[in-house]
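One structure below.
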Protein chains: 2
Amino acid sequence: MARLPLYYRALLEITERDVETTSSERLAELAGVNAAQVRKDLSYLGSYGTRGVGYEVAFLVERISSELGLTQDWPVAIVGVGNLGQALANYRGFGARGFRVLALVDEDPAKVGGKVGDLEIQALDDLPELVRERGITIGIVATPAAAAQSVADRLVAAGVRSILNFAPAVVAVPDGVSLRKVDLATELQILSFYQSHLRSKAKAG
Amino acid sequence: MARLPLYYRALLEITERDVETTSSERLAELAGVNAAQVRKDLSYLGSYGTRGVGYEVAFLVERISSELGLTQDWPVAIVGVGNLGQALANYRGFGARGFRVLALVDEDPAKVGGKVGDLEIQALDDLPELVRERGITIGIVATPAAAAQSVADRLVAAGVRSILNFAPAVVAVPDGVSLRKVDLATELQILSFYQSHLRSKAKAG
DNA sequence: CGGTGTGAAGCCTTTCACAGCA
DNA sequence: TGCTGTGAAAGGCTTCACACCG
């Protein structure tokens, strides 16, 4: 369920305010969705609310953490150390929630051996070894479009089962591998579309 | 229509191969969607296909460009010049399609006056002036979560009607303003969810 | 009372299937 | 014959509305 991370964030916010209990309505507001939807989503995890009262914040945080698999660390490899790859490597938002960038890989021999923070950039051929030794479970593709499919193939071959693709290209993966994409140019084009048509309400996708 | 950018990209790929005509099936493959969907989407722009033959590539590129508003330049301002903001400022993928980063803004006085590439970082208070003078139409929010809402408010107040939010926070905007969000931590959490549940097929969202 | 849990309705998107035209 | 354009069916997701319980 793609909304769990939203609820998770909302609950953390509530926690910071030392509130012990919350309602679906309050959660809905913080997550920017409908209250009935919150209840339906949460009921999918089990009946953890108290009628007339609401949900116990601490318990729910625990429950969602476990559902999202945030109780353990997930070693991440970034392939393609250009502008974007470097920024992602330095981005603090990842480490905060158990995602640790433990490998940087680039095709360009001139970049191999260089460092970003504490991490050394390694060659594409080292991927299988890196995945094995560092327990990499998630691969981030931050290469140009042309390289994306072949990089994804090599990640899969190395044993990675989750891929986040930033390259502006359609990538195919075998069954059993999860793929998500973030396409910056597409996002801007969608905004441009709405701007041209003077409509309102681009969905926050 | 959120799939137009995909078709656009697919068509550009086809153009590079000097192919003059293409079918919905071929487009579907390149865009990673269903063929019937391609036809339905394109028919929404008008009946530009030839039965028994397919679509004329050059014409369709033209038509979609105009629909997406890519025939003109869109000046962009980036607010928040941390790791991510800097990377976005340097990212070539934007400029390629008419999105020009013409302003960098940061709240931190220590950063104001600094440079990223040719652009000088300016103060938040300069936003209205920047928007007016440089014709900014799109604002990119690359601040920490806590600042996101207030930055968005200031962008809107300055006259910006399209916002792309990278901060991990829910942001509200008035009617008439388009908002899209890109949440890196959420994407990873969704992958983590699928990984924990050993399922396949995370939708490429 | 107040707020959850949930069947049912409603809405929107995707897919099918095929008529119709070059 | 081949591929588009599109009505109709299917499916999925969201919202409503309310029974039920603390």
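Lettering follows sequence order; numbering is per chain, from 1. Hydrogens, waters and symmetry mates play no part in the numbers below; they use all other heavy atoms, side chains included.
Rounded to an integer number of Å, the gap from CG of B:Leu6 to C1' of C:dT14 is 15 Å. Atom OH of B:Tyr44 and atom C1' of C:dT14 are 17 Å apart (whole Å). In this structure, A:Glu25 places its CD atom 14 Å from P of D:dT15, rounding to the nearest Å.
Within the 4.0 angstrom heavy-atom criterion, no nucleotide atom of any strand lies near A:Arg26.
With 3.5 Å as the limit, one finds no donor-acceptor pair spanning the side chains of A:Trp74 and A:Thr137. Counted by atom type alone, B:Gln149 and B:Asp153 present one or more donor-acceptor pairs between their side chains at under 3.5 Å. Looking only at atom types and distance, the side chain of A:Glu56 has no donor-acceptor partner in the side chain of A:Thr21 under 3.5 Å away.
Taking 4.0 angstrom as the limit, A:Arg3 places none of its side-chain polar atoms (N or O) nearer than this to OP1 or OP2 of D:dC13. Dashed line: the shortest gap from a side-chain N or O of A:Ser24 to OP1 or OP2 of C:dT4 is under 4.0 Å.
Pairing each heavy atom of A:Ser178 with each of B:Leu191, the nearest pair is CB-CD2, 3.8 Å.
Look at A:Arg17 and A:Glu13 and you find a salt bridge, because one of the NZ, NE, NH1 or NH2 atoms lies within 4.0 Å of a carboxylate O, short of that distance.
For residues 46-65 of chain A, proximity to DNA chain C is found at A:Ser47, A:Tyr48, A:Gly49, A:Thr50, A:Arg51, A:Gly52, A:Val53, A:Gly54, A:Tyr55, defined as any non-hydrogen atom under 4.0 angstrom from a strand atom. Contacts between residues 27-43 of chain A and DNA chain D, defined by a heavy-atom separation below 4.0 Å, involve A:Asn34, A:Ala36, A:Gln37, A:Arg39, A:Lys40, listed by number.
Within the 4.5 Å cutoff, no side-chain heavy atoms of A:Leu42 are placed close to those of A:Arg63.
Within the structure, the side chain to side chain donor-acceptor pair (under 3.5 Å) test picks out the following pairs touching residues 31-41 of chain A (sequence neighbours left out): A:Arg3-A:Asp41, A:Tyr7-A:Asp41, A:Ser24-A:Arg39.
Here the CD-OG1 distance, from B:Glu20 to B:Thr15, works out to 10.5 Å after rounding to the nearest 0.5 Å.
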